[in-house]
Structure formats: structure tokens, C-alpha cells
S.K.: 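First, the structure itself, so that you have it in front of you.
Bear in mind that the values here come from a model prediction, so they are computed numbers and not experimental data.
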Amino acid sequence: MEELQGLIALGIFHKITIEEYRRLHDQGAPKALSLMCVLNGKHDELGCPIHAKSCIVVLGNMEDCSWDKGQVYAPVITQTQVQLLTSMSVSKNRVLKQADCRNAFCHGVLPEDEVVIVCLPAGCPISKPGTLWKFNKTIYGLQRSPLHWFNRISAAFKAIGLSSCPNAPYLFY
């Protein structure tokens, strides 16, 4: 339930009826995708569970659209590059800082022409039967979620005056 409340708080979706879905589908919207809940657990050194977390994901492998690599690619730093930056920072007595964004992929905004509709699993506690969700933002599992997230965070960094490296667009200075 906590995961669902997080999606609601972030404005990820709005509810639509089956009639609205049929109208959108007749206008060219893709078929509704399925959702699933993935359960993850952290264990201590003895293998005993210490923390459980759930994540709602879309079955993006069922998307009607087939995107080419340039339409889904989001740049990612490699482990070797992290090691290089760390050693450079240490050698120059710099302080390293990092951040983690909770539900990162849920912050990417879907363009108007990219319609994503999902049908809900039976027993969803916040929607009645016959209700679907139309996404306003991306979510884990969609093929283009990494790209939309990268575009969103890049725009935020550029808005505060940072620039990206030409050969490493994931690095901002």
C-alpha cells in the first residue's frame, strides 16, 4: 500500500474508465499494459530478512511500440569511470558527494504523444473493477523510463547552471 501511496503522491497516473480507454484506443492509443508488484528483501549476514520492499512495475516488454536504440538510450557511468573520478578527487583533496533519488524513474514526464495505459491486477485496493490508469509520468518497466528520467534530471542540472561533459553526458560540472 505504501508503494501505491507513493505513486499517488507523485501524480504518476489518473484513473480512467473502460469507456474512456476504448475511445483512446480507437484514436490510436496502444493496448493497455499489465502491472505487477515485485517484492525485494534485504538479508543480514546470516540470511535472515531485515527489510522488505515492494515495487510496482509495468510489463514494458509488452509495449506495442518498438523503439530503436536512440529512442531508449540513457547514458550511464561505468564502474571504471567512477573509480577514475574517485581517484582524481582523492588526489586533489576534494570531497565526494553522491545522492540517491527515491523512485527515480517515477519523476520522468511522459510526452503528450506517448500514451501509456495499464489495467490493474484484481483486488487493487485503490481502484474499482473496470478502472484503468493513464500515466502522466514514467514508471519502472517502461522501455523509455531511463531516457525520460535522464532528460528530467539533465534539465534540472542545466537550470542551476551546470553543464554536461561533451563525451560523457552523465557528468555535470
S.K.: For residues His14 and Ile16, determine if any side-chain heavy atom of one lies less than 4.5 Å from a side-chain heavy atom of the other.
M.R.: yes
S.K.: Do the side chains of Thr138 and Cys106 get nearer than 4.5 Å, heavy atoms only?
M.R.: no
S.K.: Under 4.5 Å between side-chain heavy atoms, counting indirect links through other Ile/Leu/Val/Met/Phe/Trp/Tyr residues: same cluster for Tyr140 and Leu10 or not?
M.R.: yes
S.K.: Would you indicate whether the side-chain heavy atoms of Leu24 and Ile117 approach each other to under 4.5 Å?
M.R.: yes
S.K.: Are the side chain of Arg152 and the backbone of His107 linked by a donor-acceptor contact shorter than 3.5 Å?
M.R.: yes
S.K.: Quick one: are Trp133 and Lys15 in side-chain contact, heavy atoms under 4.5 Å?
M.R.: yes
S.K.: Any sub-3.5 Å donor-acceptor pair from Gln71's side-chain atoms to Asp68's backbone N or O?
M.R.: yes
S.K.: Would the distance check show the side chain of Glu63 and the main-chain N or O of Leu142 forming a donor-acceptor pair, the cut-off being under 3.5 Å?
M.R.: no
S.K.: Do Phe172 and Leu84 belong to the same hydrophobic cluster, where Ile, Leu, Val, Met, Phe, Trp and Tyr are linked whenever their side-chain heavy atoms lie under 4.5 Å apart, directly or via other members?
M.R.: no
S.K.: Between Lys158 and Ser164, is there a side-chain heavy-atom distance shorter than 4.5 Å?
M.R.: yes
S.K.: So if I apply the side-chain contact (heavy atoms from CB on, under 4.5 Å) rule between Phe13 and each of Ile8, Ile139, Val118, which one comes out positive?
M.R.: Ile8
S.K.: So if you build clusters from Ile, Leu, Val, Met, Phe, Trp, Tyr with side-chain heavy-atom gaps below 4.5 Å, do Val57 and Leu147 land together?
M.R.: no
S.K.: Got Cys165 and Tyr173 here, is their nearest side-chain heavy-atom distance under 4.5 Å?
M.R.: yes
S.K.: When you group the ILVMFWY residues by side-chain heavy-atom contacts below 4.5 Å and let the links chain together, are Met62 and Val116 in the same group?
M.R.: yes
S.K.: Please answer whether the main-chain N or O of Ala32 pairs with a side-chain N or O of Tyr21 as donor and acceptor at a distance below 3.5 Å.
M.R.: yes
S.K.: Looking only at heavy atoms, which two atoms of Pro169 and Pro166 are closest? And how far apart?
M.R.: CD-O, 4.4 Å
S.K.: Any chain of hydrophobic side-chain contacts (each under 4.5 Å) joining Val115 to Val58?
M.R.: no
S.K.: Is there a donor in the side chain of Thr86 and an acceptor in the side chain of Gln83, or the other way round, less than 3.5 Å apart?
M.R.: no
S.K.: Minimum heavy-atom separation for Leu120 and Thr131, please, with both atom names.
M.R.: CD1-O, 3.7 Å
S.K.: Is there a side-chain contact between Gln81 and Tyr170, using heavy atoms and a 4.5 Å cut-off?
M.R.: yes
